[in-house]
Amino acid sequence: MRKKIVAGNWKMNKDLPSSISLISDIKNEIAGKNYNTKIIICPPATSLETAGVLLKGTNISLGAQNMYFEESGAYTGEISAKMLKSVGCQYVILGHSERRTIFNETDEIINLKIKAALKNNLKPIFCIGETLEERENEKTFQVIERQITYGLKGFTELEIETLVIAYEPVWAIGTGRNATPSQAQEVHKFIRNLLQIKYSSNLSDNLIIQYGGSVKPENARELMAQNDIDGALVGGACLQSDSFIKIVEAAE
Ligand code: PEP
């Protein structure tokens, strides 16, 4: 049985005081509850250190939204995997469509980032997904296959086992327009089949594949009830503790 993971990607929202307040609200919401679902929050870099302290001893894991692939040196403005580890991060989102489109990250750059994350024992939440144009041109499966092939190039099955994959159709991110449960399930199943062909049934059966793209309390249950959907990567709806925790409860 695969565990469900619900991760909140705060993006460039919440300064330090509002991060502290959201973390405290989330902790209050889940106090005394024992969820099977793994909960991860990914605040902006400026809040990670404090979040790491506030989350100690809780069942909420900490993730970052990005990192650079080099270990250290003259890379102004960048943050390394080791730095993220040092403030308590266990996960890092890599390959998010906003990084791919706004910051020109290629499959090759994402591959280097995954490599650096794994080397430092950070678990990548590896995002893949097609644009609306690609979907309309029936290129969805081709794009997913390319992103997986190049993003995961050179890794052993043991290394890939530590990853989480997030299928996030770009047309559904921040648009309020989610993929229907059957559209999402179709791609998740395709990803699982691809993993079986490229690696093994064991990997394909056990790898966690989240769905992301306008997940809200109202649509979360049906999406996560699909056979191959193991949780959600949540943007907008994770910025309030009540809607975020409703999604966690839908995963349960
Ligand atoms: C995301 O940024 O990963 C995301 C899924 O955003 P939203 O839930 O707002 O569509």
Side-chain angles (χ1 to χ4, degrees), residues 4-14 18-19 22 26 37-45 47-48 60-67 89 91-105 110 113-114 117 122-132 134-135 140 143-144 147-148 151 163-181 183-185 187-188 191 208-224 226 228-251:
K4 288 214 169 23
I5 298 186
V6 172
N9 173 12
W10 297 12
K11 309 196 185 190
M12 199 173 73
N13 294 296
K14 309 283 177 192
S18 27
S19 295
L22 179 53
I26 294 173
T37 305
K38 178 173 251 319
I39 306 173
I40 305 172
I41 59 166
C42 304
S47 299
L48 286 174
I60 306 169
S61 300
L62 184 64
Q65 299 173 20
N66 181 36
M67 49 161 261
C89 288
Y91 292 85
V92 58
I93 299 173
L94 295 174
H96 192 281
S97 67
E98 286 151 18
R99 299 294 318 172
R100 291 179 189 262
T101 55
I102 307 171
F103 301 99
N104 303 317
E105 287 191 13
I110 294 156
K113 289 188 173 194
I114 295 176
L122 268 179
K123 296 185 174 92
I125 300 177
F126 171 42
C127 303
I128 52 176
E130 81 288 0
T131 62
L132 184 59
E134 288 161 343
R135 174 162 282 263
T140 300
V143 170
I144 296 294
Q147 290 173 333
I148 288 188
L163 256 69
V164 174
I165 290 184
Y167 167 58
E168 298 208 302
V170 181
W171 47 273
I173 297 180
T175 58
R177 178 183 168 188
N178 62 287
T180 63
Q183 280 174 323
Q185 166 60 24
V187 181
H188 281 238
I191 296 169
I208 291 166
I209 311 177
Q210 301 176 297
Y211 167 78
S214 297
V215 177
K216 305 180 265 282
E218 303 79 58
N219 60 22
R221 191 176 301 270
E222 212 188 333
L223 281 161
M224 290 188 279
Q226 304 301 307
D228 292 297
I229 301 185
D230 309 319
L233 179 54
V234 186
C238 77
L239 296 173
Q240 280 92 34
S241 60
D242 57 341
S243 52
F244 184 54
I245 297 307
K246 276 188 187 136
I247 295 170
V248 173
E249 282 171 356

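Ligands are counted one by one from 1 in listed order, and the atoms in each one are counted from 1 as well.
Close contacts of ligand 1 with Gly213, meaning ligand atoms under 4.0 Å from a residue heavy atom, involve 5 (C), 10 (O). Near Ser214, with a cut-off below 4.0 Å to any heavy atom, the atoms of ligand 1 are 7 (P), 8 (O), 10 (O). The atoms of ligand 1 that sit less than 4.0 Å from any heavy atom of Gly236 are 7 (P), 8 (O), 9 (O). With ligand atoms numbered from 1 in the order given, ligand 1 contributes 10 (O) to contacts under 4.0 Å with heavy atoms of Ala172. Which parts of ligand 1 touch His96 is read off a 4.0 Å heavy-atom cut-off, strictly below it: atoms 1 (C), 2 (O), 3 (O). Interface atoms of ligand 1 facing Gly174, defined by a heavy-atom separation under 4.0 Å, are 7 (P), 9 (O), 10 (O).
There is a side-chain donor-acceptor pair under 3.5 Å between Ser61 and Lys38. Using a 3.5 Å distance cut-off with no hydrogens or angles, the side chains of Lys113 and Asn66 do pair a donor with an acceptor.
Using a distance-only test at 3.5 Å, with no hydrogens or angles considered, no donor-acceptor pair links the side chain of Gln65 to the main chain of Ile93.
Considering backbone and side-chain atoms alike, Gly235 places an N or O below 3.5 Å from some N or O of ligand 1. Geometrically, ligand 1 and Lys11 share a nitrogen or oxygen pair separated by less than 3.5 Å.
Considering all non-hydrogen atoms of both residues, Val234 and Val6 come closest at CG2-CG1, 4.2 Å.
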After noting the C-alpha distance and the side-chain angles of Asn9 and His96, does the key distance pass the side-chain contact (heavy atoms from CB on, under 4.5 Å) rule?
CA-CA 10 Å; Asn9 173 12; His96 192 281; 3.5 Å; yes
Side chain to side chain donor-acceptor pair (under 3.5 Å) between Glu130 and Tyr167: does it pass, once the steps are laid out?
CA-CA 9 Å; Glu130 81 288 0; Tyr167 167 58; 2.8 Å; yes
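Residue contacts with ligand 1, taken as heavy atom pairs separated by less than 4.0 Å, involve Ile173 via backbone and side-chain atoms alike.
Ile125 pairs in a side chain to side chain contact (heavy atoms under 4.5 Å, CB included) with only one of the listed residues (Ile40, Ile208, Ile5), which is Ile40.
Protein heavy atom closest to atom 5 (C) of ligand 1, with residue, atom name and distance, is Glu168 OE2, 3.1 Å.
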